Participant: 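Provided herewith is a single structure, encoded as C-alpha cells, for subsequent inquiry.
No experiment lies behind these values; they were computed from the predicted model shown.
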Amino acid sequence: MITQSLTRFSRITLDLEPPLARIVLNNPPLNVIDIPMMDELEEALTEIEARVEISVLIIRGSQRAFSGGVDVAAHTPDKVEQMLAKFHRIIRALVGSKKVTIAAVHGHCLGGGAEIAMVCDLAFTSELATWGFPEIKLGCYPPVAVTALAALVGQKHAADLVLTGRTISGREAASIGLANAVVPEVDLDHAVQDAVHHLSQLSSATLALTKKAFYGWDSIHFDKGLARAEKIYFEELMKTEDAQEGINAFLEKRPPVWKGK
C-alpha cells in the first residue's frame, strides 16, 4: 500500500497508509500544543474522519516526548477562551471519531498531551514515559481530566493525579488504567503495530458502529461534564487572582505566591 504524506502542516505530520493514518506531534523539543498545532490537528482529524478507507489512527510525538502539554502562554486571560475552545474541539473530535484511535506514548505525556492520550480508544506506553496533569501547580485545572479521568482510573486515582499534579511513570499509568500496556521503549512500535495488525483484519464499518454503541452513553455525559468544567473555568477560576498568579509565575520563571483568592 502506498503511503501518502501530507506536507501542508508545520506542527504535525500526517501520513495516510490505508487502513492506517498516523499523526505525529512535531513541535520539538517537547511537542507543546500551541494554537497553530491545534489548528493543524483539527484539520487533520477532519480529513481522516472523511476518509472511508481509514479505520485506525495512531497519534504519537516526535523525538523525546509525546507532548509536554498545551502552551502555558495560551492560558493568559486574553487567549484562554479561544485556546480551550480550539483544544476541546480536538478532544471532542477524538471522542466522537469513527476510527479506532491509538496513543503511542513515550517521554513526557503531560497536561493536554495526557488528555489527548486518555481519550484515545487504546494507549500503549513506554515504561520510562512520564504521565501527569500538573495544571494545579499553575493555579488551574485540566477540564478534560476532571470530566473523564475518574471513569478511566477510578475516583481516588483521578483525584490523586489532578489535585496533587504529581507525575507517574508509564508503568504506573498502565497499572491504574491510563494505558492498555506498558513496554520497554524499544518495543513500543512493535506493541502498536501488533494492535494495528489485529484491527486491520476487521470490518471498518463494524468497528465504527461498535464504537458508536460502546461510547454512546459515555459521550452524552462527557459533553455535559466538559461544558460544566468549561463554565467553571471561564466564569470562576479565571477570575481568581491565584489563576493569574500561577500562569504569570510560570512565564516569569519564579515560584507562585498564592493568596487564596
Side-chain angles (χ1 to χ4, degrees), residues 1-63 65-76 78-105 108-123 142-145 147-148 192 196 199 204 207-208 211-212 215 219 222-223 226-227 230:
M1 185 67 67
I2 296 175
T3 301
Q4 181 183 4
S5 298
L6 304 187
T7 59
R8 63 181 180 272
F9 301 116
S10 62
R11 288 290 200 275
I12 66 171
T13 62
L14 172 59
D15 294 326
L16 303 174
E17 187 179 356
L20 177 64
R22 296 184 190 87
I23 289 177
V24 178
L25 310 179
N26 189 30
N27 187 20
L30 296 178
N31 302 317
V32 166
I33 305 166
D34 57 11
I35 297 294
M37 183 186 283
M38 292 180 196
D39 289 336
E40 291 185 8
L41 281 170
E42 185 174 8
E43 182 180 347
L45 290 171
T46 299
E47 174 148 353
I48 290 166
E49 202 65 21
R51 291 189 175 242
V52 296
E53 72 274 21
I54 298 295
S55 60
V56 181
L57 166 63
I58 297 172
I59 302 177
R60 65 180 311 140
S62 67
Q63 300 188 24
F66 183 82
S67 173
V70 172
D71 185 10
V72 174
H75 287 73
T76 54
D78 58 320
K79 299 176 183 175
V80 66
E81 194 159 351
Q82 177 201 32
M83 178 275 291
L84 275 185
K86 286 178 177 288
F87 184 64
H88 290 171
R89 281 200 298 271
I90 295 164
I91 294 295
R92 288 183 170 99
L94 287 169
V95 169
S97 176
K98 297 176 183 178
K99 318 303 180 184
V100 179
T101 53
I102 302 174
V105 175
H108 289 320
C109 182
L110 302 174
E115 289 180 317
I116 286 176
M118 66 173 268
V119 301
C120 287
D121 300 308
L122 305 173
V144 176
T147 300
V192 172
V196 171
L199 290 165
S204 59
L207 285 171
K211 280 196 61 175
K212 183 178 181 180
Y215 293 120
S219 294
F222 178 79
D223 285 340
L226 187 57
E230 290 171 338

Participant: Salt bridge check, E47 against K99: does any charged N sit closer than 4.0 Å to a carboxylate O?
Facilitator: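 No, no charged N to carboxylate O under 4.0 Å.
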Participant: Verify, without hydrogens or angle tests, whether K211 (side chain) and V100 (backbone) share a donor-acceptor contact under 3.5 angstrom.
Facilitator: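 No, the answer is negative, given that no donor and acceptor are paired below the 3.5 Å cut-off.
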Participant: Is there side-chain contact between F9 and M37, with at least one heavy-atom pair below 4.5 Å?
Facilitator: no
Participant: Is the shortest distance from a Lys or Arg side-chain nitrogen in E42 or K86 to a carboxylate oxygen in the other one below 4.0 Å?
Facilitator: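 No salt bridge links E42 with K86.
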Participant: Heavy atoms only: give me the nearest C109-A117 pair and the separation to one decimal.
Facilitator: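 For C109 and A117, the tightest heavy-atom pair comes out as SG-CB, 3.9 Å.
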Participant: Does any part of the side chain of D34, heavy atoms only, come nearer than 4.5 Å to the side chain of N27, both counted from C-beta?
Facilitator: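 Answer yes - side chains close enough.
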Participant: Decide yes or no for P19 and I54: does some side-chain heavy atom of the first lie under 4.5 Å from some side-chain heavy atom of the second?
Facilitator: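 Not in contact.
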Participant: Looking at CG of L207 and NZ of K212, how far apart are the two atoms once the value is rounded to the nearest 0.5 Å?
Facilitator: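 It comes to 15.0 Å.
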Participant: Step by step, would you call E230 with R92 a salt bridge (charged side-chain N to carboxylate O under 4.0 Å, His left out)?
Facilitator: CA-CA 13 Å; E230 290 171 338; R92 288 183 170 99; 3.5 Å; yes
Participant: Within the distance-only criterion (no hydrogens, no angle test), does the side chain of S67 pair as donor or acceptor with the backbone N or O of V32 below 3.5 angstrom?
Facilitator: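 A pair under 3.5 Å: no.
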Participant: I need the minimum non-hydrogen distance between A44 and I12, along with the two atoms involved.
Facilitator: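 Scanning both residues completely, I find the closest heavy atoms to be CB-CD1, 3.8 Å.
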Participant: Mind running side-chain contact (heavy atoms from CB on, under 4.5 Å) on R51 and L16 for me, showing each step along the way?
Facilitator: CA-CA 10 Å; R51 291 189 175 242; L16 303 174; 3.4 Å; yes
Participant: To the nearest 0.5 angstrom, please state how far the CG atom of L20 sits from the CD1 atom of I58.
Facilitator: 4.5 Å
Participant: Side chains of V24 and S62: does their closest heavy-atom pair fall under 4.5 Å?
Facilitator: yes
Participant: Kindly determine whether L122 and L199 satisfy side-chain contact (heavy atoms from CB on, under 4.5 Å), including the steps that lead there.
Facilitator: CA-CA 11 Å; L122 305 173; L199 290 165; 4.3 Å; yes
Participant: Would you name the heavy atoms of L45 and A93 that are closest together and state the gap between them?
Facilitator: CD1-CB, 4.1 Å
Participant: Quick one: CG on N31 to CD on Q63, what's the gap to the nearest 0.5 Å?
Facilitator: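 N31 atom CG to Q63 atom CD measures 7.5 Å (nearest 0.5 Å).
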Participant: Quick one: does E115's side chain have a donor or acceptor within less than 3.5 Å of a partner on V144's backbone?
Facilitator: yes
Participant: So how far is it from L84 CG to H88 NE2, rounded to the nearest 0.5 Å?
Facilitator: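 The CG atom of L84 sits 4.5 Å away from the NE2 atom of H88.
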Participant: Please tell me if the side chains of V95 and Y215 come closer than 4.5 Å, counting only heavy atoms from C-beta onward.
Facilitator: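 No, their side chains stay 4.5 Å or more apart.
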Participant: Where do L41 and I116 come nearest, in terms of heavy atoms and distance?
Facilitator: CD1-CD1, 4.5 Å
Participant: Answer yes or no: are there more than 12 heavy-atom neighbours, outside E53 itself, under 6.0 Å from its atom CD?
Facilitator: yes
Participant: So, taking the atom named OG1 in T101 and the one named CD1 in I59, what distance separates them when rounded to the nearest 0.5 Å?
Facilitator: 6.5 Å
Participant: Mind running salt bridge (charged side-chain N to carboxylate O under 4.0 Å, His left out) on E40 and R11 for me, showing each step along the way?
Facilitator: CA-CA 7 Å; E40 291 185 8; R11 288 290 200 275; over 6 Å; no
Participant: Any heavy-atom pair between the side chains of H75 and M83 that's under 4.5 Å?
Facilitator: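 Yes, at least one pair of side-chain atoms sits under 4.5 Å.
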Participant: Please check this pair: side chain of E49 against backbone of K98, looking for a donor-acceptor N/O pair closer than 3.5 Å.
Facilitator: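 A pair under 3.5 Å: yes.
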Participant: So, taking the atom named CZ in F87 and the one named CD1 in I91, what distance separates them when rounded to the nearest 0.5 Å?
Facilitator: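 Nearest 0.5 Å value for the CZ-CD1 distance: 4.0 Å.
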Participant: So which heavy atom on F66 is nearest to which on A104, and how close?
Facilitator: CD1-O, 3.4 Å
Participant: If only atom types and distance count, is the side chain of N26 paired as donor or acceptor with the main-chain N or O of G61 below 3.5 Å?
Facilitator: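 Looks like no, no N/O pair under 3.5 Å.
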